[in-house]
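First the proteins, then the strands, lettered A, B, ... as listed; each starts at 1. Just so it is clear, the model here is predicted, and its values are computed rather than measured.
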Amino acid sequence: MAMKTSTLSRHMREGFKNLGRNGWMTFASISAVMITLLILGVFLMMAMNIQHLVQTVEKQVEIRVSLDVTADDATVKKVEGALKKLPDAAEVRFVSKEEGLKNLKESFGDKRDYLNGLEKENPLPDTFIVKAKTPQQTGALAQKIEAIDGVKKVNYAEQTTKKLFAVTDVIRFVIVAFIIALAFTAMFLIANTIKLTIIARRREIEIMKLVGATNGFIRWPFFVEGALMGIIGAIVPIIVLSVGYASLLDFVEQQLALYFLHLLPIYPLMLEVSLVLLGIGAFIGIWGSLMSVRRFLHI
Amino acid sequence: MDDVISTEAIEKIIVWVIFLIEMQDVWKTYPNGTVALQGIDVRIKDGEFVYVVGPSGAGKSTFIKLMYREEKATKGQIVINDFHINRLKERQIPYLRRKIGVVFQDFKLLPKLTVYENVAFAMEVIEESRKKIKPRVMEVLELVRLKHKARSLPDQLSGGEQQRVAIARAIVNRPDLIIADEPTGNLDPETSMDIMQTLLEINRGGTTIVMATHNKEIVNSLRKRVIAIEAGRIVRDEQRGEYGYED
């Protein structure tokens, strides 16, 4: 059923007016939504970046084979021979400890001087970088390599991503539980605020019922009030997160020059996060108003 | 060939054409066990003016509240216009109320709205178009002689004027029936007579009025049909009746 424009604008007007009716409770409700959504937003952006990182890492099918730091040339030759004999290995590349140190220094960018002096007693081992013919073979190939005599350690993407996931799973569980609890608090506060509005307007509602306003008509301004609290509660976290993330990107790229830390660009990440926060904010608001309207309006 | 239409059916049609309100064996028991009405049978014609009298707690209020579905009868049938009130679904109640104007002892005006806004409110909330609202509100304010007070707030008016605003609000949506619950209860005798003149004028326009009252002077001077309720039953129903109680 289509709603008349004049009716819609009336509901909007009433909804806005309701916000002002219980100033402090409205403020508390909006604050609760803000805190909930801010934490949710931080978590979302973290999760999306980790996801991105994992995907980047997974694309690299390289296996990193480290020898003992003290391994001599003969061992290096022997291991190289064994690696090249493996049928699944598409490419075997030797990275000497000197080369490794050079790479490490480069990754330090401006601060490369910190590593000066390590040349004399290089703590890095000689390594081989092995690529499997297909990414799916990586795990099996890594196991075979581990069995080779003289190999100290084998690292490959799957291990890294598994560790990453193990950590993020825990974080995710804790944060999701936290967010749900906060969202309920916000809903409860919104429901309470709307209850106060309903009490403040009970005479008006009584007369509306008496002259034949439909229940839907009576409910609408309260939905608008709830949705507004949720949406206003989403706007502040969106601004804070946008500014915060922009500075973080700037800091990581300009100050730390950590070229290996690939963060997602601000667009479209921030757009996606904003839409999610607005949606959840409106949901919390409307749900809160539903709780109140159902219980206190008796219509 | 036998009669195609039975006498019973003819009677039903006559009832439907002539009577606005019909109650058949209506009972009301409240959840706490109080029996407020027992076996009420009454028919009120379209365009009638009816006083409902009786001692306090006799069931007058319940009788009135059943008509606009503020309360639901426990048993029996109530028909007002085309509405079978007891079979009405929750969501149909608003449409019944649009056919009924209600006036109370305490006026029930919104203090922050002007006289005009209070009356217009009743049209706005049933989603009347703005174009129709203004001329209709001015028309009813004219009828209750308050056009010049359109911009005043309720507390700037006398009790009688406030009740006239409430009456204007009750009739603004052109109801078939006005229910007045002690409309003169808070007013002095002179103002009460003034309110009665307004109600009688509305009644002359064809609107049925059912009025619960304790006002002996009014009932005895402006003779109309009187229905007396005692202990939940109709004990008297007279055309041009008297008040009949000493209070």
Is B/R130 in contact with chain A via its backbone, its side chain, both, or neither, using a 4.5 Å heavy-atom distance? side chain
Flag the pair A/E206 and A/K209 as a salt bridge only when some basic side-chain nitrogen lies within less than 4.0 angstrom of an acidic carboxylate oxygen. no
Counting only non-hydrogen atoms closer than 4.5 Å, does B/L109 touch chain A with its backbone (N, CA, C, O), its side chain (CB onward), both, or neither? backbone
Rounded to the nearest 0.5 Å, what's the gap from CE on B/M211 to CG on B/D181? Could you check? 10.0 Å
Is it the case that B/N32 and B/T34 place a side-chain donor and acceptor less than 3.5 Å from each other? yes
Passing candidate, salt bridge (Lys or Arg N to Asp or Glu O under 4.0 Å) with B/E142, options B/K147, B/R164, B/K149: B/K147
Whatever's closer than 4.5 Å to a heavy atom in chain A on B/E128 counts as backbone
